[in-house]
Structures are given as structure tokens and as C-alpha cells.
Amino acid sequence: MKAYRVEEMSGDAIVAVHAAEANTPFEAAEKALGLKVTLRGGADIWVRVVDLTERPRPVRLRPSTFEFRAIGNRK
């Protein structure tokens, strides 16, 4: 499993941060939020998932990030 940082976003502002271990970024977002997710598609309320387990990358390159939005209601 990989380690991910899951950030709940409102526009460009971070409103909450979670840590999750999962096989994929989709799974990490769903595990952290307790909701199903889909691709962001320009939503204002969205989720950024950062892969923390990748090999070190050159300084000029950002870590792998993924953008989703939650669908449905929290459990």
C-alpha cells in the first residue's frame, strides 16, 4: 500500500487534511472522506490527493497529485 495525504479543498484553500493508506489515489480519497469520488471536473469543492510514497523527484517537479470531487452524502 502507498501513503497519501488527502486535502479537502474549497477553491484554492485547504479546509481539512487526512492521511490514508491505499493502493490507489481513488481509494485513498474514498477511505479518508467516507464517500465515493469521481474526477474533479472544475468543481469548487474538491479533494486533492498527494502520493507521499514515490521515489524522490527533482526539486523542480511536484509530487504526484490527483484531483477528485465527492459524490453522495457522508455516511
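Please read all numbers here as calculations on a predicted model, not as lab measurements. The residues of the chain are indexed from 1 along the displayed sequence.
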**Request:** Return the minimal non-hydrogen interatomic distance between V37 and I71, and the atom names on each side.
**Result:** N-CG1, 4.2 Å
**Message:** Could you see if L35 belongs to whatever hydrophobic cluster contains F66? Use Ile, Leu, Val, Met, Phe, Trp, Tyr and a side-chain cutoff under 4.5 Å.
**Reply:** yes
**Prompt:** Do H18 and E7 have side-chain atoms, one donor and one acceptor, less than 3.5 Å apart?
**Reply:** no
**Fill in**
Nearest heavy-atom approach of A3 to D51 is O-OD1, 3.7 Å
**Asked** Does the side-chain contact (heavy atoms from CB on, under 4.5 Å) test come out yes or no for I14 and M9, once each step is laid out?
**Response** CA-CA 5 Å; I14 299 171; M9 307 289 293; 3.4 Å; yes
**Complete:** Those residues at least two apart in sequence (or on a different chain) that pass side chain to side chain contact (heavy atoms under 4.5 Å, CB included) with L39 are F26, F68
**Request:** For residues V49 and A28, report the shortest heavy-atom separation together with the two atoms involved.
**Result:** CG1-CB, 4.4 Å
**Pairs where residues 24-34 contributes a residue and the test side-chain hydrogen bond (donor to acceptor under 3.5 Å, both in side chains) is met, not counting sequence neighbours** = none
**Request:** List the atom of A22, the atom of Y4, and the distance in Å for their closest heavy-atom pair.
**Result:** O-CE1, 3.5 Å
**Complete:** NZ (K2) and CG (N23) are apart, to the nearest 0.5 Å, by 9.0 Å
**Message:** I'd like to know whether I45 forms a side-chain contact (heavy atoms from CB on, under 4.5 Å) with R69, so could you lay out the CA-CA distance, the side-chain angles of the two residues, the decisive distance to 0.1 Å, and finally the verdict.
**Reply:** CA-CA 7 Å; I45 305 298; R69 67 179 170 89; over 6 Å; no
**Item:** Pairwise side-chain hydrogen bond (donor to acceptor under 3.5 Å, both in side chains) hits with a residue in residues 35-46, at least two apart
**Value:** R40-E67
